[in-house]
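Accompanying notes for the structure given below.
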Amino acid sequence: MTARKKVIDLLASAPGQEVLAKGWVRTKRGNKEIAFIALNDGSTIHNIQVVVDKTAIDPALLAKITTGACIAVHGDLVESPGSGQAVEIKASEIEVYGECDPVRYPLQKKDTSFEYLRTVAHLRPRTNTFGAVLRLRSQMAFAIHEYFHSKGFVYLNTPLITAADAEGAGNMFQVATLDMNNIPRDKKGLPDYSKDFFGRRTSLTVSGQLEGELGATALGEIYTFGPTFRAENSNTPRHLAEFWMIEPEMAFYDIRDNMDLAEDFIKSLVKYALDNCLDDVKFLNDRYDPELLARLQGVVDTEFVRLGYTEGIEILKAAEADGHKFEESVSWGMDLQSEHERFLVEQHFNKPVILTDYPKDIKAFYMKQNDDGKTVRAMDVLFPKIGEIIGGSEREASYEKLQARIDELHMSHRTLEWYLDTRRFGTCPHSGFGLGFERLLLFITGMQNIRDVIPFPRTPKNAEF
Ligand code: ATP
Ligand code: MN
């Protein structure tokens, strides 16, 4: 009995051995005497070529071997006379595990648009493109864990169900088990959450940061890596309702240390992709985006620009005065839109930019307040093609200042008492940031739409599969 070998290993094996391959048929072509089957098992972007002698195979069996069918092939691994591959399998026996009706199979050559493929998201992993993207996604997740592990960060799991609103943005999905047809009411007629599962109003988390700070102020350096949920109705190519976030949080880091880490982290990840996943990146480069490889190498090689928000606004205003049209016109205090971020990165500096010291009114309550009374020690990392890829800050370490800000924003203390204990008891300077995993993948894969870098995207009006 020959053991099954994955295609990636077969392609790297020496000819002259008996092999067993299993996978899905990508294409079948040939002439009267020979059939060529391109077989893929998801282990690599490359197919192994299977050569079948038509005179030695039952024609009924051969007819079942169509695009999408699943087969097992016994044969000899031989040197390939054709160009394009070093080795191929000369089939001696083929078993068909699963036929695939060529008429009804939803993956057809005639429609391979990304829009169409989203409607068959349950099958699109079988395409070359999604195979490449999903392998990259997995590799990058591993690279992230490895990066932090090598630096001694503790991987902290923060809860997905929470009673706090980290961003104060109010775009949370509620979690409830109350009977929707018969909601218990309090005296004011409002839903009575004391009767709900947790005895209080709860939601899916928008960020693990608040709990991350609890970890950092005990363990020193932590990171989270998990799903987050935002019920924001932003139907953009850069927003999902369910996305994954990596949130490192570090005691004794000031904003500068935080920027240094963010820059080193993201460069290491891009470098990892170039060093370890070149086949898939190259496939995406050649198929869709001929500047992808250069863009990735560019990020690894350049020092990021570090710039204050106020200076950034000046640059954007100057561009406007020069005749550049933005959809939303520029003024100090505004939340920058992707068009502004990309102007700075792609047109003005032509490299990634870390923008700091944003107006406090457009940032979350926990950010360290600057002495000017107007800005906070925030830092957003802005990337070509993406805009914001990382959002972070040095955190306000002073109990009094944090308390004052919470009051100023009329936020409820009740759900934040545990968080405020970090400042009450042994507070320390600390910083952290959040990297959107899918935004990173947009950059690394060169894909245009965030729905195409997650296996099963969740967006407004879309939760199929
Ligand atoms: P944006 O302004 O682009 O909506 P944000 O300011 O809301 O981003 P943060 O709250 O700082 O983002 O979240 C940290 C990171 O999480 C962002 O830099 C981005 O990479 C990612 N992110 C935020 N919202 C989404 C989303 N809806 N879908 C995918 N990734 C997101
Ligand atoms: Mn947002």
Side-chain angles (χ1 to χ4, degrees), residues 137 140 144 158 162 164-173 204-210 212 223-249 255 258-259 262-263 265-266 269-270 304 309 312 328 334-342 344-345 352-356 358-367 376-395 431-445 447-460 462-463:
R137 188 177 165 107
M140 294 324 294
I144 286 162
T158 51
T162 175
D165 178 0
E167 302 294 319
N171 51 13
M172 304 178 84
F173 289 101
L204 292 177
T205 188
V206 294
S207 159
Q209 183 202 313
L210 300 187
Y223 71 104
T224 72
F225 187 175
T228 47
F229 308 87
R230 295 190 186 181
E232 49 192 358
N233 207 346
S234 29
N235 241 318
T236 78
R238 279 175 301 279
H239 288 90
L240 289 164
E242 176 181 296
F243 65 101
W244 287 63
M245 189 142 57
I246 301 98
E247 295 182 278
E249 191 72 36
I255 183 90
N258 203 21
M259 285 192 277
E263 181 167 346
F265 176 48
I266 209 157
L269 296 179
V270 175
F304 296 3
Y309 168 92
E328 188 179 335
M334 78 186 301
D335 203 357
L336 296 183
Q337 301 302 314
S338 172
E339 54 169 343
H340 308 112
E341 297 170 343
R342 292 182 60 176
L344 291 172
V345 172
V353 175
I354 310 183
L355 211 57
T356 59
Y358 282 72
K360 66 175 182 182
D361 291 331
I362 57 169
K363 289 293 180 188
F365 72 98
Y366 48 70
M367 298 191 180
V376 289
R377 223 159 276 182
M379 52 161 242
D380 281 7
V381 180
L382 313 179
F383 252 48
K385 297 265 179 196
I386 313 289
E388 180 187 334
I389 193 164
I390 282 178
S393 70
E394 183 169 344
R395 317 308 188 190
S431 299
F433 61 81
L435 167 71
F437 188 42
E438 287 78 16
R439 299 250 176 117
L440 171 76
L441 291 170
L442 276 179
F443 184 71
I444 285 179
T445 61
M447 299 293 279
Q448 306 278 332
N449 194 309
I450 200 161
R451 293 165 178 80
D452 299 329
V453 293
I454 187 165
F456 307 106
R458 296 287 175 262
T459 50
N462 173 30

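Just so you know, ligand 1 is whichever comes first in the structure, and atom 1 is the first atom listed for that ligand.
Interface of E232 with ligand 1, defined as ligand atoms under 4.0 Å from a residue heavy atom, comprises 24 (N), 26 (C), 27 (N). Every atom of ligand 1 is numbered from 1 in the order shown, and the set under 4.0 Å from a heavy atom of I390 is 18 (O). Applying the 4.0 Å criterion to heavy atoms of G391 picks out, from ligand 1, the atoms 11 (O), 18 (O).
The option with the heavy atom closest to atom 9 (P) of ligand 1, from among M245, R230, Q209, is R230.
Within the 4.0 Å heavy-atom criterion, the part of R238 lying near ligand 1 is the backbone and not the side chain. Only the side chain of R439 comes within contact range of ligand 1, with a heavy atom under 4.0 Å; no backbone atom does.
Between W244 and R137 there is a side-chain heavy-atom pair separated by less than 4.5 Å. Between F383 and V345, the closest side-chain pair of non-hydrogen atoms is not below 4.5 Å. Residues I450 and H239 fail the side-chain proximity criterion, which asks for heavy atoms closer than 4.5 Å.
On a distance-only criterion, I450 and ligand 1 share no N/O pair closer than 3.5 Å. Taking only nitrogen or oxygen atoms, main chain and side chain alike, I389 reaches within less than 3.5 Å of ligand 1.
Screening I444, L440, L240, L442 against V453 for a side-chain contact (heavy atoms from CB on, under 4.5 Å) leaves a single residue, L442.
For E341, there are no salt bridge (charged side-chain N to carboxylate O under 4.0 Å, His left out) partners two or more places apart in sequence or in a different chain.
Annotation: E242, atom CD; neighbour count of heavy atoms from other residues, nucleotides and ligands within 6.0 Å is above 12.
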